[in-house]
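Take a look at the structure set out below.
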Number of protein chains: 2
Amino acid sequence: MKKKITLKQIAKELDVSVSTVSKALSGSKEISEDTTQKIQAFAKLYNYKPNNIALSLKNRKTKTIGILIPEIVHHFFSTVIRGIERVANRRGYNVIVGLSNESFTKEIINMEMLANGSIDGFILSISKETLLKQDYHHFHATINQGMPIVMFDRVVDEVECDKVIVDDFIGAVKAVNKLIENNCKNVALITTMDYVSVGKLRTQGYLKAFEDHGMEANPNMILKIDDSLNVENHLELLEAEIAQFLKSNPSIDGLFAVNELYAVTAMKVAKKLGLKVPDDIQVIGFTDGVLSKHATPSLTTVSQHGQKMGEQAANLLIDRLEAEDAEGQQYFTNNDEKRDFIKLVIETEIIERESTK
Amino acid sequence: MKKKITLKQIAKELDVSVSTVSKALSGSKEISEDTTQKIQAFAKLYNYKPNNIALSLKNRKTKTIGILIPEIVHHFFSTVIRGIERVANRRGYNVIVGLSNESFTKEIINMEMLANGSIDGFILSISKETLLKQDYHHFHATINQGMPIVMFDRVVDEVECDKVIVDDFIGAVKAVNKLIENNCKNVALITTMDYVSVGKLRTQGYLKAFEDHGMEANPNMILKIDDSLNVENHLELLEAEIAQFLKSNPSIDGLFAVNELYAVTAMKVAKKLGLKVPDDIQVIGFTDGVLSKHATPSLTTVSQHGQKMGEQAANLLIDRLEAEDAEGQQYFTNNDEKRDFIKLVIETEIIERESTK
DNA sequence: ATTTTTAACGAAAACGTTTTCGTGTTAATA
DNA sequence: TATTAACACGAAAACGTTTTCGTTAAAAAT
């Protein structure tokens with residue numbers, strides 16, 4: 001068991017100083033060719049690699065970025081992570097993951113755990129509980145400590161930072177427009193409670209589409225699901241609620257759901273009620289995940305391009321980190337002139353499949 | 001923008017030495033009550049938190065564990081991560097994630113990137129390409145450097161380390177047994193190429209079940225999919241292959257697939273061919289993911305308990321890390337008496353749904 | 001009154017790097 | 001020959017901690 005070798009050990013072994021070894025390895029021409037060769041050979045032989053922690057301490061930057069998301073067993077979030085990891089890796093960064101589990105407290109604990117030097121910046125999506133409480137002090141606190149944050153998907157105006165979101169509003173408009181143009185006379189909506197910002201926006205998009213067509217939305221055609229109780233484990237409840245909804249609104253011939261689970265479940269329920277998809281009822285969901293792709297019939301969805309979101313978020317963060325860097329060199333500044341924060345909007349795209357005509 | 005405060009700054013501010021501050025904060029009774037109080041108050045006021053990197057360097061351990069998996073947009077792997085994160089967090093560890101993307105090279109790069117001090121140990125699942133190449137030198141190398149590895153799911157005998165796997169073999173046997181006992185006369189198998197160890201084991205389980213029932217397996221009833229080309233993006237190909245398979249074997253009335261995608265796709269194809277599930281053909285998959293749960297009909301599957309695997313893996317790793325620790329204290333040893341490596345087997349469980357009778 | 005103990009604190013090393021600034025030797029210049 | 005320049009290297013500081021070992025002054029014991 002050969003423990004990793006350090007500069008000091010190389011130095012002792014070769015009877016030179018630590019500084020000489022360091023310089024030789026970085027190819028400084030301060031060191032003679034002979035010694036350089038000797039040292040490099042030795043280092044290669046013992047597979048020397050500089051210790052990351054020591055470098056982090058010295059450089060006061062860790063080259064790792066922290067991801068903080070509500071849940072990882074979730075197609076959308078995992079695609080975002082994949083996107084982040086991709087550009088992070090390409091740009092020489094590592095990625096450390098924290099899970100809030102939709103809990104306010106766990107979000108805070110995780111942030112504090114990571115904010116103490118372990119990472120250079122955050123990429124996060126706010127937990128539902130935090131959204132509900134509207135308590136954002138922990139975000140402000142870490143930003144004030146000089147640690148940049150990039151928020152994605154579930155963002156909030158109260159926090160000043162870079163953001164990357166999907167145009168939930170327009171996406172919803174497009175989806176509902178499509179249904180209306182496909183000759184649906186009664187387009188219903190299945191959505192979440194309003195405190196989840198994205199649910200709210202998608203609902204507004206639904207309403208806007210009606211308005212654009214000079215139609216009036218019927219409140220009875222809107223089903224709000226309370227997903228405070230974990231839906232995944234209470235599928236029957238969800239199904240029952242949707243069945244009830246569909247039965248009491250038999251005229252529904254088009255359906256827009258704010259996530260794919262609702263959409264797929266609705267299709268399932270519709271089929272059980274003897275409705276044909278898409279002949280009797282057309283369905284569009286939001287979030288293009290596995291379910292949409294593999295459902296029967298496969299589901300037309302509004303794609304969020306999670307991976308792209310992740311990539312953009314990572315680029316935003318790293319850009320800012322490296323800008324700070326360069327800046328710090330020049331004038332050691334407390335320039336409080338508010339730097340502009342960027343809000344990137346990723347365009348949605350409707351992926352047409354079998355659940356619409 | 002208040003940058004994080006350090007011991008040194010506190011010391012200067014309060015006109016004491018750094019050591020005094022450190023001791024006071026840790027409640028050492030070497031320091032008088034007065035000064036302790038003063039220092040603690042000041043520290044709390046400025047929200048002092050020790051710098052993790054500095055601690056890591058000093059203690060020569062980072063309290064973070066590295067996860068290296070082939071893919072993250074994958075229900076099984078993300079449940080495993082969730083499990084790891086759960087116990088890691090509970091036991092005071094962080095989690096850093098690397099993605100190999102099923103690539104041998106990326107696996108190596110990622111390992112090297114993390115092995116240089118960033119983490120205390122690995123939890124990983126081997127990439128397909130590595131499995132194919134059968135080149136495990138990078139695992140041996142990092143183990144030799146004294147960094148423990150725990151492998152899960154895709155493991156390999158050639159590497160000596162802790163492992164946690166699912167009883168793929170028995171799981172498959174159970175599944176096929178169930179089909180046979182449900183009166184299927186011709187149970188088919190859809191599997192992967194043999195180099196993916198789990199696919200191989202599940203195939204063997206299929207064969208064993210036949211043997212147990214005194215039946216002979218028919219090679220024509222086994223479809224081996226070459227998933228070297230990314231199946232997710234070539235769904236039509238997969239469907240075509242399965243359709244061809246089902247058509248040329250019309251007697252099939254039971255089907256076991258080594259993953260849920262194959263199973264769900266097979267159900268889809270079967271339905272298109274006019275077969276009723278489960279009346280004409282019963283289907284069981286492996287891996288209990290979203291697809292299984294939400295397919296219509298919902299899919300009976302062999303559950304792998306990914307979260308549990310993750311939890312166990314994390315516990316194994318941390319146990320070993322902390323054992324090393326305690327040991328290192330006592331005798332500064334190169335005790336090469338081989339420490340026993342543990343291989344945990346997580347029991348599978350058949351989750352019955354609508355695709356079987 | 002002298003020695004010993006105790007209390008309260010500080011100096012310095014160590015973890016593994018990089019980098020700045022010397023410093024001594026040799027070679028080139030005046 | 002005396003001065004300067006170039007070369008090759010080492011010492012030390014710094015990043016932020018913790019911990020060991022002094023050290024000083026006061027309190028206790030002799």
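Convention: sequence-line order gives letters A, B, ...; per-chain numbering from 1. As the structure is a prediction and not an experimental result, all values here were calculated from the model.
The shortest distance between side-chain heavy atoms of A:M309 and A:L344 does not fall below 4.5 Å. You'll find the side chain of A:L25 reaches within 4.5 Å of the side chain of A:Q40, heavy atoms only. Counting heavy atoms from C-beta outward, A:D120 and A:E324 have side chains that stay 4.5 Å or more apart.
Nucleic acid contact for B:T35: sugar-phosphate only, since backbone atoms but no base atoms lie under 4.0 Å from a heavy atom of the residue.
Counting only distance, with no hydrogens or angles, the side chain of B:S125 and the backbone of B:F152 share a donor-acceptor pair below 3.5 Å.
The side-chain hydrogen bond (donor to acceptor under 3.5 Å, both in side chains) test with A:S118 is passed by exactly one of B:T62, B:N52, B:N94: B:N52.
Spacing between atom CG of A:D34 and atom P of D:dC7 amounts to 15 Å, rounded to whole angstrom units.
Looking at residues 45-60 of chain A, you'll see A:Y48, A:K49, A:P50, A:N51, A:A54, A:L55, A:K58 sit with a heavy atom under 4.0 Å from some atom of DNA chain C. Looking at residues 12-24 of chain A, you'll see A:V16, A:S17, A:S19, A:T20, A:K23 sit with a heavy atom under 4.0 Å from some atom of DNA chain D.
In this model, a donor atom of one side chain and an acceptor atom of the other lie less than 3.5 Å apart for B:Q307 and B:E311.
Positionally, the nearest nucleotide of DNA chain C for B:I31 lies more toward the 5' end than for the other of B:I31 and A:S26.
Residue B:I126 holds its CD1 atom at 10.0 Å from CG of B:D153, rounded to the nearest 0.5 Å. Residue A:K58 holds its NZ atom at 14.5 Å from CD1 of B:I53, rounded to the nearest 0.5 Å.
Between B:K106 and A:E85 a salt bridge is recorded (basic side-chain N to carboxylate O distance below 4.0 Å).
On the nucleic acid side, DNA chain C has its first and last nucleotide under 4.0 Å of a heavy atom of chain B at C:dA8 to C:dG16, going 5' to 3'.
Within a 6.0 Å radius of NZ in A:K4, other residues, nucleotides and ligands contribute more than 12 heavy atoms.
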